[in-house]
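This report concerns only the one structure given below.
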Amino acid sequence: MTTRVIIVDDQAMVRAGFAALLAAQSDIDVVGEAPDGAQGVELSRRTHPDVVLMDVRMPEMDGLEAARRLLTPPPGVTHRPRVLMLTTFDVDDYVYEALRAGASGFLLKDAPPADLIAAVRVVASGDALLAPSVTRRLIADFARQRPAARGKPALRLKGLTERETEVLTLVARGRSNAEIAETLVLAEQTVKTHVSRVLTKLDLRDRAQAVVFAYESGLVAPGE
């Protein structure tokens with residue numbers, strides 16, 4: 001199956017470079033480019049990509065606002081792509097807010113080409129959190145600055161079984177399915193089933209949102 005991608009970045013050379021790299025892959029189809037968030041949203045509505053590569057900082061409309069509009073569309077708009085944020089910095093408040101809005105992860109712009117290609121595939125599949133160690137550190141940094149919300153997020157945890165809570169805790173610590181399976185002495189397929197149930201029960205889109213939720217609910221504390 002081919003993954004449809006659009007690239008939203010205010011630097012023409014970045015867009016061209018990423019487009020050339022991704023278009024060379026047999027399973028990725030670059031269906032458009034946009035120079036700012038507003039045009040990126042319009043382009044996404046028109047082309048229905050699977051993945052949007054979204055720069056964080058842009059004129060007119062930044063990547064955060066564009067991600068919000070794509071991931072929380074108005075009534076009548078059913079298409080919601082997966083959003084992969086692009087940033088120059090590995091710790092950026094905008095990226096954290098984008099993850100809260102539902103972005104599936106983030107990638108440094110100077111990452112190796114192979115990482116970009118892998119990131120698009122990972123985000124398209126929704127199977128794993130992108131760059132778990134860096135993302136975990138970013139979320140921990142900002143969770144440390146924001147007291148955990150003990151209200152609704154914490155109450156929603158009560159809907160999970162003990163095993164599902166264990167799995168969510170390990171997901172928040174950046175563990176892969178294989179690592180969780182080894183830790184809990186379970187089959188990897190069983191772990192995938194638990195992760196899927198956690199996302200469904202908590203109404204979360206993917207593992208990136210699960211990590212944010214775990215910190216904000218107080219299930220996992222920064223530095224653990």
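FYI, the numbering just counts along the sequence from 1.
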* Asked: Are any of the side-chain nitrogens in Asp27 or Arg121 under 4.0 Å away from the carboxylate oxygens of its partner?
  -> yes
* May I ask you to check whether over 12 heavy atoms, not counting those of Asp203, lie within 6.0 Å of atom CG? => no
* Is the closest basic N to carboxylate O distance between Asp206 and Arg82 below 4.0 Å? -> yes
* Asked: Taking all atoms of both residues into account, what is the closest heavy-atom pair of Leu43 and Gly32, and its distance?
  -> CD2-C, 3.6 Å
* Asked: Mind checking whether Met85 and Val56 have side chains closer than 4.5 Å, heavy atoms only?
  -> yes
* To do: Ignoring hydrogens and angles, tell me if any N or O in the side chain of Gln39 forms a donor-acceptor pair with the backbone of Asp36 under 3.5 Å.
  => no
* Asked: Is there side-chain contact between Met54 and Val41, with heavy atoms separated by less than 4.5 Å?
  -> no
* To do: Using atom types as modelled and distance alone, determine if a side-chain donor or acceptor of Asp9 lies under 3.5 Å from a backbone N or O of Gln11.
  => yes
* What are the two closest non-hydrogen atoms of Arg80 and Leu70, and how far apart are they? -> CG-O, 3.8 Å
* To do: May I ask you to decide if Thr161's main-chain N or O and Thr165's side chain share a donor-acceptor pair within less than 3.5 Å?
  => yes
* **Any donor-acceptor pair under 3.5 Å from His48 side chain to Pro81 backbone** => no
* **Heavy-atom side-chain contact between Arg175 and Thr183 under 4.5 Å** => yes
* **Ala111 to Asp115 - nearest heavy-atom pair and separation** => CB-CB, 4.1 Å
* To do: Could you check if a side-chain atom of Asp29 sits within less than 4.5 angstrom of a side-chain atom of Thr3, using non-hydrogen atoms only?
  => no
* Taking all non-hydrogen atoms of both residues into account, name the closest pair between Val83 and Ala67 and its distance. => CG1-CB, 4.3 Å
* To do: Check step by step if side chain to side chain contact (heavy atoms under 4.5 Å, CB included) holds for Thr2 and Ile28.
  => CA-CA 5 Å; Thr2 300; Ile28 298 175; 5.8 Å; no
* Structure fact -> Looking only at heavy atoms, the pair that brings Val123 and Ser104 closest together is CG1-CB, 3.6 Å
* Tell me, with the steps shown, if Leu160 and Lys201 meet side chain to side chain contact (heavy atoms under 4.5 Å, CB included). => CA-CA 7 Å; Leu160 302 182; Lys201 285 185 176 182; 3.9 Å; yes
* To do: Give the C-alpha distance, both sets of side-chain angles, the deciding distance and a yes or no for salt bridge (Lys or Arg N to Asp or Glu O under 4.0 Å) between Lys109 and Asp55.
  => CA-CA 9 Å; Lys109 283 188 177 183; Asp55 187 20; 3.3 Å; yes
* **Side-chain (Thr72) to main-chain (Arg69) donor-acceptor, under 3.5 angstrom** => no
* To do: Kindly check if the number of other-residue, nucleotide or ligand heavy atoms within 6.0 Å of CD (Glu182) is above 12?
  => no
* To do: May I ask you to decide whether Glu42 forms a salt bridge with Arg45, counting only side-chain N to carboxylate O separations under 4.0 Å?
  => no
* Asked: Where do Leu86 and Phe18 land on the side chain to side chain contact (heavy atoms under 4.5 Å, CB included) test, with the steps shown first?
  -> CA-CA 11 Å; Leu86 301 170; Phe18 283 2; 3.6 Å; yes
* To do: State whether the side chain of Thr190 and the backbone N or O of Leu186 hold a donor-acceptor pair below 3.5 Å, judged by distance alone.
  => no
* Structure fact -> Here the pair of heavy atoms bringing Gly159 nearest to Glu164 is O-OE1, 4.4 Å
* Asked: So, the side chain of Arg4 versus the backbone of Thr47: is there a donor-acceptor pair under 3.5 Å, distance only?
  -> yes
* Audit row: Val195, Val171, side chain to side chain contact (heavy atoms under 4.5 Å, CB included) steps and yes/no -> CA-CA 8 Å; Val195 171; Val171 167; 4.2 Å; yes
